[in-house]
Each structure stands twice: as C-alpha cells, then as structure tokens.
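Let me begin by presenting the structure, written as structure tokens, before commenting on it.
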Amino acid sequence: MHYFLGIYYMKQFRAYKTEIDPNNKQRTLFLQYAGISRFVYNWALSDRIERYKRGEKSNIYEQKRRFNALKKTEFPWLNGIAYTVTESAFVNLDRAYQNFFRRVKQDKEKAGFPHFKSRKDGIGAFTMRGHLHTRQNGVKLPNIGWVRVKEQDYLPVSDVKILSMNISEQAGRWFVSVQIEQEVADPTLAKNK
C-alpha cells in the first residue's frame, strides 16, 4: 500500500477469463503445449514417487535442475518450447504435493495424493508467464504471437501488470485466463476520512 496525492492505493489481484479464437497454427501449438505440460507434470510426479521410495528427498528446484540436464539428451523435442510451460507444470505438481501433505497433517480422511494426468481426462491446459500483453481484441503469448479474443474490450489493456495467462480447452473451445495485478484506491481508508 502506498500514499499518493491524498489517496491510499493497494495492490489488487484479479483474473479475467474469456474465449479466444486461435488460428490453425496457434491451435496446433496449444495442443502441443498442453501435451508438454501434461508430460512434464507426469515426469515430475513419477520422479518424486521413485525418489521417495528410495528414501531420497526432492524439491522443485533440484527436480527442475535434473530435468533440464536430461532435457538435452532424453527430451530434445522440448527445445524451442517456451520455458514457462515446463516451469508451470513443476509449480503445479509442487503445489499438489504440498496440499497433499498439508491435508495429511490435518488428519483429513481423504488426503488425495496427486494423480497422473491423462489425455483421456481432456486436452488439458498450460500456463505462460513473462512478455505477455493484452489489447482490446487479443492477447500476446511468447512463441505464439497475438491470439484474437472473441469478447473485445473485456481484458484490461493499461495500468496493470500481467502475472500469467492460462490457456485451456473445454469442449473444443479455447479460453484464456489472465491473472493481473493492479493498484486501486483503498476503499476502507477512503471511507474513514
């Protein structure tokens, strides 16, 4: 929170979800990125299970380091992919693991161990960060370019910081969820004056 011209401002986090209209090339990249995100998540989950069985500890940082070392020799088809796609898969798995152990400590009856993702459950989704932009009629994603949105003038285009964009598919339609940070006047402090 900061004070400027007699007004207190605070950071607010919001998300906007809207349908997008990718062209055929973009749709192909979306399918590829969703598959890569699923592959990396499943690799990381399998790796954590194996290390646990051997009595070895694992965390997101050392796991990403080992994966990146293997990527050059075992997964060369991942070269040229926006790194945030794989990064987000590791973050999602780490969050699922932390939530599982938190529920175990709380003695929840159904702790819900993370499960492998399957193509049978749907195409899936992927998340991108960094160098993201919005305009009245589209969003710009790294390595993909501008993608048209169906609902124009819905996404914020100025005075916001874009944190991430999650691209997902539902029943053959593609959606983008844009997470932003913006500064707004603090209503509680304005009322008390």
Side-chain angles (χ1 to χ4, degrees), residues 1-2 4 9-45 60 64 67-68 71 75-96 99 114 117-187:
M1 185 177 322
H2 71 276
F4 181 71
Y9 290 90
M10 64 181 205
K11 289 183 181 180
Q12 182 182 54
F13 299 94
R14 292 195 62 189
Y16 296 84
K17 185 174 182 177
T18 188
E19 188 174 356
I20 52 179
D21 187 22
N23 61 34
N24 287 337
K25 183 179 177 184
Q26 292 168 337
R27 194 173 287 110
T28 300
L29 285 172
F30 288 177
L31 291 168
Q32 181 184 14
Y33 283 12
I36 288 168
S37 181
R38 182 174 50 252
F39 169 80
V40 172
Y41 180 94
N42 288 341
W43 180 92
L45 178 57
I60 187 172
K64 284 192 303 187
F67 180 81
N68 287 332
K71 189 165 71 169
F75 317 120
W77 46 272
L78 289 175
N79 292 333
I81 301 299
Y83 82 95
T84 59
V85 173
T86 57
E87 171 87 14
S88 296
F90 280 109
V91 169
N92 291 341
L93 175 71
D94 194 57
R95 188 176 303 125
N99 289 340
K117 294 186 177 190
S118 170
R119 177 69 169 84
K120 293 177 185 175
D121 298 331
I123 289 172
F126 62 93
T127 303
M128 299 190 105
R129 291 179 175 77
H131 304 295
L132 304 168
H133 303 283
T134 59
R135 62 183 181 199
Q136 293 173 340
N137 64 347
V139 294
K140 187 174 184 182
L141 302 164
N143 297 2
I144 294 175
W146 286 101
V147 182
R148 193 169 71 82
V149 296
K150 289 194 173 183
E151 187 176 357
Q152 295 188 15
D153 298 327
Y154 173 66
L155 297 174
V157 294
S158 62
D159 298 329
V160 297
K161 177 182 177 184
I162 300 172
L163 303 173
S164 67
M165 290 189 193
N166 187 311
I167 308 296
S168 60
E169 183 271 345
Q170 296 169 354
R173 297 165 60 197
W174 289 94
F175 296 87
V176 62
S177 180
V178 181
Q179 290 76 33
I180 64 153
E181 174 187 300
Q182 67 189 71
E183 296 214 354
V184 296
D186 188 340

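Just so you know, these numbers use all the heavy atoms, side chains as well, and skip hydrogens, waters and symmetry mates.
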For the NE2 atom of His131 and the CD1 atom of Ile162, what is their distance to the nearest 0.5 Å? 12.5 Å

Closest contact, heavy atoms only, Ser177 versus Gln179: OG-NE2, 2.9 Å

Evaluation steps, side chain to side chain contact (heavy atoms under 4.5 Å, CB included), between Gln32 and Thr28: CA-CA 6 Å; Gln32 181 184 14; Thr28 300; 5.7 Å; no

Tell me, do Pro142 and Tyr83 make a side-chain contact under 4.5 Å, heavy atoms counted? no

Expected list for residues 17-25: side-chain donor-acceptor pairs under 3.5 angstrom, two or more places apart:
residue	atom	partner	partner atom	Å
Glu19	OE1	Arg173	NE	3.3
Glu19	OE1	Arg173	NH2	2.7
Glu19	OE2	Lys150	NZ	3.2
Glu19	OE2	Arg173	NE	3.2
Asp21	OD2	Arg148	NH2	2.3
Asn23	OD1	Lys25	N	3.1
Asn23	OD1	Gln26	N	2.8
Asn24	OD1	Arg27	NH1	3.0

With salt bridge (charged side-chain N to carboxylate O under 4.0 Å, His left out) as the rule and sequence neighbours excluded, what pairs involving residues 80-89 come up? Lys64-Glu87

Which residues pass the ring pair (Phe, Tyr, Trp, His ring centres under 6.0 Å) test with Phe30, sequence neighbours left out? Phe126, Trp174

Within this structure, what is the CG-CG distance for the pair Asp94 and Leu45, rounded to the nearest 0.5 Å? 12.0 Å

Working note: Ile36 + Trp77, criterion side chain to side chain contact (heavy atoms under 4.5 Å, CB included); need CA distance, chi angles, decisive distance, verdict. CA-CA 10 Å; Ile36 288 168; Trp77 46 272; 4.0 Å; yes

Salt bridge (Lys or Arg N to Asp or Glu O under 4.0 Å) against Lys117, all qualifying residues, sequence neighbours excluded: none

Hey, does Met128 have a side-chain heavy atom less than 4.5 Å from the side chain of Val85? yes

To the nearest 0.5 Å, how far apart are NZ in Lys71 and CG in Asn79? 6.5 Å

Got Leu29 and Leu141 here, is their nearest side-chain heavy-atom distance under 4.5 Å? no

Is the backbone of Gly80 close enough, under 3.5 Å, to the side chain of Asn143 for a donor and an acceptor to pair up by distance? yes

Would you list the pairs meeting ring-ring contact (aromatic ring centres under 6.0 Å, His included) in which at least one residue belongs to residues 136-158, sequence neighbours left out? Tyr16-Tyr154

Look at the side chain of Ser37 and the backbone N and O of Tyr33, then say whether any donor-acceptor pair between them is shorter than 3.5 Å. no

Under 3.5 Å, which donor-acceptor pairs link side chains of residues 132-140 to any protein atom two or more places apart or in another chain?
residue	atom	partner	partner atom	Å
Thr134	OG1	Pro156	O	2.5
Arg135	NE	Asn137	OD1	3.1

dist Thr86:OG1 -> Asn68:CG (nearest 0.5 Å) comes out at 6.5 Å

Is Arg119 reaching over with its side chain to a backbone N or O of Gly35, donor-acceptor style, under 3.5 angstrom? no

From CA spacing to verdict: side chain to side chain contact (heavy atoms under 4.5 Å, CB included), Leu78, Phe67: CA-CA 11 Å; Leu78 289 175; Phe67 180 81; 3.5 Å; yes

Taking all heavy atoms of Gly124 and all of Ala34, pick out the closest pair and write down the distance. C-CB, 4.3 Å

When the ring planes of Trp43 and Phe90 are compared, do they come out parallel, tilted or perpendicular, using 30° and 60° as the limits? perpendicular

